[in-house]
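Scroll down for the structure; my scribbles are underneath it.
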Amino acid sequence: MSCQIQKIRSEHNSKICTIIKSVGEEFGAIGEGFGPSDPEVLAMSQYYNDSSSSLYLVAIVEREIVGGSGVAAFNGSKEVCELRKLFLLPESRGLGIGEKLTENCLEYAKSKGYKKCYLDTLDSMKAAISLYEKLGFKHLDQPLKGSIHNGCDVWMIKGL
């Protein structure tokens, strides 16, 4: 199985929107305060681009998008970015795709001058939390000030 990682394009928007919403639903991330409800989910390619020092990547296996992940400034910060919307279809989990996506996002963040990367997630997303810990993210006791995902209950940060 080969996996291609590429920057999101407009023709990917519908598929990644469906993945984000269905995986969000699987883990109970439904409604206000959760990433899958953010307006950007409807057209990710419009929100993530070099001009805003942000990136969203999609993972493609056998010509099908199986998930994605992004990184963008946290609350307009020049020093702190946020890892955003790492969502993978169930059949594509456990294959190293999430790690590959996250590492590419972190490399991009470093290249843009970010010093730290923040994320918020749900305690129910055990595999994702294990991945983040493996990659050096440390747990926080509370969200960073300005976080909009008040439905999340796990907050982590990593120096870049």
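Bear in mind the structure is a predicted one, so any value in this text is a computation, not a measurement.
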[X] vs [Y] side-chain heavy atoms within contact, under 4.5 Å:
X	Y	result
Cys3	Ile60	no
Ile16	Tyr56	yes
Glu64	Glu62	no
Met125	Phe87	yes
Ile20	Pro36	yes
Lys134	Glu99	yes
Val61	Ile97	yes
Gln6	Leu57	no

Taking [Y] as the starting point, is it possible to reach [X] by hopping between hydrophobic residues whose side chains are less than 4.5 Å apart?
X	Y	answer
Val41	Val23	yes
Tyr47	Val80	no
Leu86	Leu144	no
Ile148	Met44	no

Query - Heavy atoms from other residues, nucleotides or ligands near NZ of Lys112 exceed 12 (cutoff 6.0 Å) - result: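 Counting other residues, nucleotides and ligands, NZ of Lys112 exceeds 12 neighbours.
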Query raised in the report: So which pairs with a foot in residues 135-144 pass side chain to side chain donor-acceptor pair (under 3.5 Å), sequence neighbours left out?
Result: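 Listed once each, the pairs are Glu133-His139.
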Query raised in the report: Restricting to pairs with a member in residues 14-37, which pass side chain to side chain donor-acceptor pair (under 3.5 Å), not counting sequence neighbours?
Result: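 Side chain to side chain donor-acceptor pair (under 3.5 Å) check on residues 14-37 returns Glu26-Arg93.
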Query raised in the report: Short question: side chain of Ser92, backbone of Leu88 - any donor-acceptor pair under 3.5 Å?
Result: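 Looks like no, no N/O pair under 3.5 Å.
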Requested in this report: Look only at the side chain of Ser147 and the backbone of Pro143, and say whether a donor-acceptor pair between them is shorter than 3.5 Å.
Outcome: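 No, the answer is negative, given that no donor and acceptor are paired below the 3.5 Å cut-off.
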Residues 150-160 side chain polar contacts: donor-acceptor under 3.5 Å, at least two apart:
from	atom 1	to	atom 2	distance (Å)
Asp153	OD1	Asp123	N	2.7
Lys158	NZ	Leu135	O	2.7

**Report entry** Asp38/Lys85 ion pair, N-O < 4.0 Å
**Finding:**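 Yes.
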How far apart are the closest heavy atoms of [X] and [Y], and which atoms are they?
X	Y	value
Leu83	Cys105	CD1-CB, 3.8 Å
Ile5	Ala59	CD1-CB, 4.0 Å
Leu106	Cys117	CD2-SG, 3.7 Å
Ser52	Tyr114	O-OH, 4.4 Å
Val71	Tyr108	CG1-CD2, 3.7 Å

Requested in this report: Decide whether Asn75 and Ser77 meet the rule of one side-chain donor and one side-chain acceptor closer than 3.5 Å.
Outcome: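 Side-chain D/A pair, Asn75 to Ser77: absent.
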Report task. Compute whether any side-chain donor of one residue and acceptor of the other, for Ser10 and Asn13, lie under 3.5 angstrom apart. Result ->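 Absent: no donor and acceptor within the cut-off.
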Requested in this report: Quick one: pull up CZ in Phe74 and CG in Leu119 and give me the separation to the nearest 0.5 Å.
Outcome: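 So the gap between those two atoms works out to 11.0 Å.
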